[in-house]
A.B. asks: 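The structure follows.
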Amino acid sequence: MRFDVITLFPEMFQAARLGVTGKALEGEQASLQLWNPRDYTEDNHRTVDDRPYGGGPGMVMKVVPLKAALQQAKDAAPDSRVIYLTPQGQRFDQKAAREMAQRSGIIMLAGRYEGIDERLVDCCVDEEWSIGDYVLSGGELAAMVIMDAITRLLPGVLGHAESAEQDSYMNGLLDFPQYTRPDELNGRDVPAVLLSGDHAAIGRWRLQQALGRTWLRRPDLLEQRELSDEEERLLEEFIRTHQGASASS
Ligand code: 6GU
């Protein structure tokens with residue numbers, strides 16, 4: 001999949017060269033092209049911001065260099081839709097990541113300052129996305145979040161063992177807890193079932209933990225998800241033992 005990003009801070013994307021996204025960029029699963037509006041300025045100061053009509057604090061991204069950078073990206077990636085990253089956008093989630101992972105590419109526009117001219121949104125932006133209800137100083141981190149979430153879903157990026165299908169949210173539940181050596185830590189043992197070698201029992205225990213944690217921490221996720229009879233039974237048992245445990249403590 002092809003990623004193009006319009007950004008005043010291309011250096012930030014060095015971070016994407018690490019880890020899972022880095023591997024995908026080294027291989028043929030993903031590519032990243034950066035387009036800096038500053039390279040499309042024509043004044044001596046290479047100005048990339050401008051004053052907002054109507055006054056007020058802050059600046060807006062200057063239209064001409066931004067539009068030129070965006071046009072170059074569109075010419076280079078004619079099949080990609082343009083995504084503007086802004087707190088005013090639709091909330092990005094795992095469902096959106098799965099949908100975007102089917103595309104051949106996306107062009108992400110990382111806003112800085114107070115944003116971009118609305119007429120540029122109207123003419124040249126296909127979608128607006130946000131990564132959550134808080135304000136970042138620019139769209140770059142959001143672009144990297146979206147790139148990471150998509151890239152790990154691309155075929156051949158994750159190994160079999162770490163497969164994305166096993167992740168939290170892929171099945172609409174939070175992840176079960178993990179344990180590694182030593183088998184006793186600060187007086188606390190690893191749950192015995194994990195040492196039993198009984199893979200069916202381990203699978204049931206993990207599903208029960210995933211259901212229980214989701215019930216405790218993110219009940220909203222359970223409301224959006226149908227439970228099988230087996231899952232209902234495991235969750236009921238979790239709730240019973242959980243209530244027993246919290247009543248006695
Ligand atoms: Cl996409 N951009 C900015 N600047 N802040 C955000 C965001 C995006 N998503 C959440 N906060």
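Side-chain atoms are counted along with the backbone in the values below, which use heavy atoms only and exclude waters and symmetry mates. Both counts, for ligands and for their atoms, begin at 1 and track the order of listing.
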A.B. asks: Closest non-hydrogen protein atom to atom 5 (N) of ligand 1, residue and atom name please, with distance?
C.D. replies: L136 N, 3.0 Å
A.B. asks: Test your reading of the model: is there a side-chain donor-acceptor pair from D183 to the backbone of V190, 3.5 Å cut-off?
C.D. replies: no
A.B. asks: So that I can tick it off, tell me whether E231 and R225 are bridged by a salt bridge, with the cut-off set at under 4.0 angstrom between side-chain N and carboxylate O.
C.D. replies: yes
A.B. asks: Quick one: do the E237 and Q208 side chains pair a donor with an acceptor below 3.5 Å?
C.D. replies: yes
A.B. asks: Considering A143, A142, P87, G132 one by one, which has a heavy atom nearer to atom 10 (C) of ligand 1 than any of the others?
C.D. replies: G132
A.B. asks: Are side-chain N/O atoms of T7 and E140 paired as donor and acceptor at under 3.5 Å?
C.D. replies: yes
A.B. asks: Between S130 and ligand 1, which part of the residue brings a heavy atom under 4.0 Å of the ligand: side chain, backbone, both or neither?
C.D. replies: both
A.B. asks: Could you find the nearest protein heavy atom to atom 1 (Cl) of ligand 1 and give me its residue, atom name and distance?
C.D. replies: T86 N, 3.2 Å
A.B. asks: Can K95 and D93 be counted as an ion pair, charged N to O under 4.0 angstrom?
C.D. replies: no
A.B. asks: Heavy-atom contacts under 4.0 Å between D133 and ligand 1: side chain, backbone, both, or neither?
C.D. replies: neither
A.B. asks: Would you mind running through ligand 1 and noting each atom that sits below 4.0 Å from a heavy atom of I131?
C.D. replies: 9 (N), 10 (C)
A.B. asks: Distance-only, no hydrogens or angles: does the R46 side chain make a donor-acceptor pair with backbone N or O of Y40 under 3.5 Å?
C.D. replies: no
A.B. asks: Could you name the option among Y84, Y134, W129 that has the heavy atom nearest to atom 6 (C) of ligand 1?
C.D. replies: Y134
